[in-house]
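Taking it in order: structure first as structure tokens, then the write-up.
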Amino acid sequence: MSESSIQAKIALVGNPNAGKTTLFNALTGQNQKVGNYAGATVSRKSGTFFTPHGHQFELIDLPGAYSLQANSPDEKITRDVLVGEQDGEETPDLVLCVLDACHLERHLYLLLQIIDLGYPVVAALNKMDSAEAQGLRIDPTALSEDLGVPFVPICATTGRGLTQLKHALRHPFPTAPGRLWKGPSELEEAIEKSTRVSEEKGVRNPAAHGLMNVAEPGSETEDFIQKTRYAYIHRAIEAGLQRPDDASLELTDRLDAHALHPIKGWFIFSGLMLAVFWSIFRFAEIPMGWVEGAFEWLGGTVSGSIGEGDFQSLLVDGVIAGVGGVLVFLPQIILLFFFISLLESSGYMARAAYLMDGIMNKVGLSGKSFLPLLSGYACAIPGVMATRTIPNAKERLATILILPWTSCTARLPVYVLIIPLIFAGALNQGLALFGIYALGTLTALIAAKILKPRLGKTEAPQFLLELPPYQKPQWNHVLRQVWERAFAFIKKAGTVILGLSIILWFLNTYPKSDSDDPAVQQAHSFNGQIGQALEPVVSPLGWDDRMGTAMMASFAAREVFRSSLAISYATDEEDEEGLRGQLSKSTRNDGSALYTPLVGLSIIVFFIYALQCLPTTVVVRRETGSWKWALGQLVGMTLFAYLAALLVYQVGKLLGYS
Amino acid sequence: MPTFASDLERDSALTLSQAAIGCEFQIREVEGPACRQLRDIGFCEQMRVKKLTNGRTMLCTVCGTRLALSKDLADQIRVVPA
């Protein structure tokens, strides 16, 4: 689709939880593009769609905002695009404002602010079916008359009203209604003067600038304008909305009576988390078997069709063993993202944040820090980015610094490989995984408690969060998110991990020794030499040289730990139980078992705490604006990981464990 | 006297953290360092609010939306019975 056929640009704005993304997906379907705003890590999502009149428009999905007085970096993007201050982004020709019909009074404030900026606006009254079910009577015509913009009732999840919405977006667009309220003459004069100054400066949207400059944050004028807008909304609502007097006990109230209960709520939260981890072990087994089978078949076929030699070894022991060893965890990663998306989409996540607020407060953070920390279980990078919703700068920094201790999915392949060497049975293994996640989280919280007062004086953390009503998960949205993360994982396996596997194979194969004994060849290779050099450092942790090499390689990407072991042990005898079987059979020079439960524990403890992810360090640098924090975090966490693993192994040995 | 009447009304207003659970209130005034954020999310003058729980972090509904807020924020909202 050529860019030139696009006739206008429409910005999609709305409060968080208004259903903006669902509407964006419903309008644009597959025609979406994701990029970044210049100079910001906030992603810019845009797409195209056709109206029934055959016009093609570009739709930009701006970050959710409660108002244009930006409280967070996300909201600032929305403000800057609309005011015309965002580099590389033209101001839109029309604004499509999504309003949640169930919470109209609150959502109209943003609409009124956008109208004030002088844009032509179309208001989409979303979630009309829920509003009707709650007995709300909304009169779109009366609202249109009062606010001077068309109101189109829709339901983005079912697609109801979308055709009418596209009809309302006909080109040429309606004229902008302009500011609907008037202030006292001094204020009007000040706005006029400020607009003139903005015009002389040649800014893109002088009217918007004029108004924004007058209403400086914290000023009495801002206070006055805010109250005047709400008074206007109050009058418009009187004519356009009727709420039933006695709000019946809804499903959300009934569920919240349990989910937010100070005791029952915790049982539900722990039960849900445990169920998620148990399911990851239980249900991923079958598809993991398929992936494993597929790579074994591939390895066998390649071995059969290519004659024995270095090239065959590169393909089978390097590429297939390395990439296959990581891709086998795709089902578990899909399941973890699926559950996180499901909890988010159903509305439970905000409840978890509310429950956690008490605990977070004890360590100097608020419930707002919990959501980024929870995202960290999937991947630290979106987690670090999600801290942008935390208004308090010190709280945000503390959250970023402790965040990598919430175990991300890249560690999962290592845990899943090692846990069965220590525990048997899906329930025990699920409990162990839950314990690993709990240990990481607990240490992160203790670290926050120690760290926060040292970051400088700040006011007590405040918690202000909307708890959206429970809803049926939007499967489209859930599956889209899971697909995006799964694709990113496959891409990583096909690029970074493939490259590293080839390098590791090379280091393991060369230089060649004269002996046919795989153990001698392993010791003679570059990897063997690196491992021997590392041995004095890793042997106090109970590890051998191959584990030391694998640990070093895993600093490029954690998943490579498994690939590296798979490549190292491929030189050993074939074993039908796969890598885990080979690990459990491997011995030290004195003949004693190498992968004992204590060594397994020491590896797990190291992986819980070590920050082995360079992209995270880069993102932390970008979000904190300082290499000091990013590198301090990298060195500090790795050192801590080493000492913790050392402590576990040495104390375990003293207590008589092997 | 209007000044006296408004003073009286101000005195009779409770903060949201003092308000009783389960009763409907109308927001009379939002004042304090976080007033802008509170208004942005919906705690604005004239709005009706119902408090659902007490404690350090309390739950309320404003126009059908459930909101959780910490006590020091609730102290910046003054309400009168609706």
Side-chain angles (χ1 to χ4, degrees), chain A residues 15-17 65-69 71 75 100 102-107 109-110 113 131 134 136 217-218 222-223 226-227 229-231 233-234 237 241 243 247 250 252-253 256-257 260-262 347 350-351 353-355 357-358 360-361 366-367 391 459-469, chain B residues 6 9-10 13 15-17 19 21-82:
Chain A
N15 281 26
N17 304 316
Y66 286 108
S67 88
L68 296 181
Q69 308 292 350
N71 290 318
E75 289 190 348
D100 183 342
C102 305
H103 313 298
L104 200 52
E105 299 94 323
R106 294 174 48 246
H107 288 213
Y109 185 75
L110 180 66
Q113 276 192 307
Q134 286 175 26
L136 268 74
E222 186 200 40
D223 199 59
Q226 222 177 7
K227 284 182 184 170
R229 282 188 184 129
Y230 265 113
I233 291 168
H234 207 69
I237 284 294
L241 171 74
R243 276 185 184 277
E250 288 176 52
T252 295
D253 297 276
D256 272 352
L260 301 179
H261 189 272
R351 272 77 190 174
Y354 169 80
L355 276 180
D357 185 58
M360 303 302 273
N361 222 264
S366 78
E459 72 246 37
Q462 291 172 335
F463 186 59
L464 182 61
L465 187 73
E466 182 180 340
L467 306 180
Chain B
S6 63
E9 192 182 87
R10 184 187 287 250
T15 67
L16 186 58
S17 42
I21 316 177
C23 305
E24 284 259 354
F25 293 91
Q26 188 169 37
I27 299 176
R28 181 58 70 216
E29 194 176 27
V30 185
E31 205 173 49
C35 70
R36 182 159 55 80
Q37 284 98 308
L38 286 167
R39 286 199 189 108
D40 283 351
I41 206 166
F43 287 105
C44 189
E45 284 82 355
Q46 311 271 324
M47 289 286 190
R48 288 166 86 92
V49 55
K50 187 175 173 184
K51 194 164 146 189
L52 302 175
T53 64
N54 261 322
R56 212 193 42 74
T57 308
M58 48 198 82
L59 276 178
C60 308
T61 55
V62 179
C63 306
T65 313
R66 255 157 205 258
L67 296 164
L69 78 168
S70 41
K71 188 180 171 299
D72 44 349
L73 291 176
D75 283 336
Q76 298 175 32
I77 302 168
R78 298 188 81 81
V79 295
V80 289

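Protein chains get the first letters and strands the later ones, always in sequence-line order, with residue 1 at the start of each.
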Run Tyr230(A) and Gln46(B) through side chain to side chain contact (heavy atoms under 4.5 Å, CB included) and show every step you take.
CA-CA 8 Å; Tyr230(A) 265 113; Gln46(B) 311 271 324; over 6 Å; no
Nearest 0.5 Å please: distance from the OG1 atom of Thr65(B) over to the CG atom of Asp100(A).
7.0 Å
Counting only heavy atoms closer than 4.5 Å, note whether Arg39(B) contacts chain A via side chain, backbone, both or neither.
both
Please test Leu69(B) against Phe463(A) for side chain to side chain contact (heavy atoms under 4.5 Å, CB included), starting from the C-alpha separation and ending with a verdict.
CA-CA 5 Å; Leu69(B) 78 168; Phe463(A) 186 59; over 6 Å; no
Begin with the C-alpha distance, continue with both residues' side-chain angles, and end with the deciding distance and a verdict on side chain to side chain contact (heavy atoms under 4.5 Å, CB included) for Leu464(A) and Ile41(B).
CA-CA 9 Å; Leu464(A) 182 61; Ile41(B) 206 166; 3.9 Å; yes
Carboxylate-amine/guanidinium proximity below 4.0 Å for Glu466(A) and Arg66(B)
no
Okay, Asp40(B) and chain A: the region with an atom under 4.5 Å from a heavy atom over there is both
Output for pair (Cys63(B) SG, Leu241(A) CG), nearest 0.5 Å, gives 8.5 Å
Is it the backbone or the side chain of Leu260(A) that comes under 4.5 Å from a heavy atom of chain B, or both, or neither?
side chain
Could you walk me through whether Asp223(A) and Arg36(B) pass side chain to side chain contact (heavy atoms under 4.5 Å, CB included), step by step?
CA-CA 8 Å; Asp223(A) 199 59; Arg36(B) 182 159 55 80; over 6 Å; no
With a 6.0 Å cut-off (strictly less than), is the heavy-atom count around NZ of Lys227(A), excluding the residue itself, greater than 12?
yes
Could you tell me whether the side chain of Gln462(A) reaches within less than 4.5 Å of the side chain of Ser70(B), counting heavy atoms only?
yes
Pick from Asp72(B), Leu38(B), Leu59(B) with the largest number of heavy-atom pairs that fall under 4.5 Å of chain A:
Leu59(B)
Structural part of Glu222(A) lying under 4.5 Å from a heavy atom of chain B:
side chain
For Arg229(A), which atoms come within 4.5 Å of any heavy atom of chain B: side chain, backbone, both, or neither?
neither
Bottom line for Thr61(B): the part with an atom under 4.5 Å from chain A's heavy atoms is neither
Heavy-atom distances under 4.5 Å only: say whether His234(A) touches chain B with side chain, backbone, both or neither.
side chain
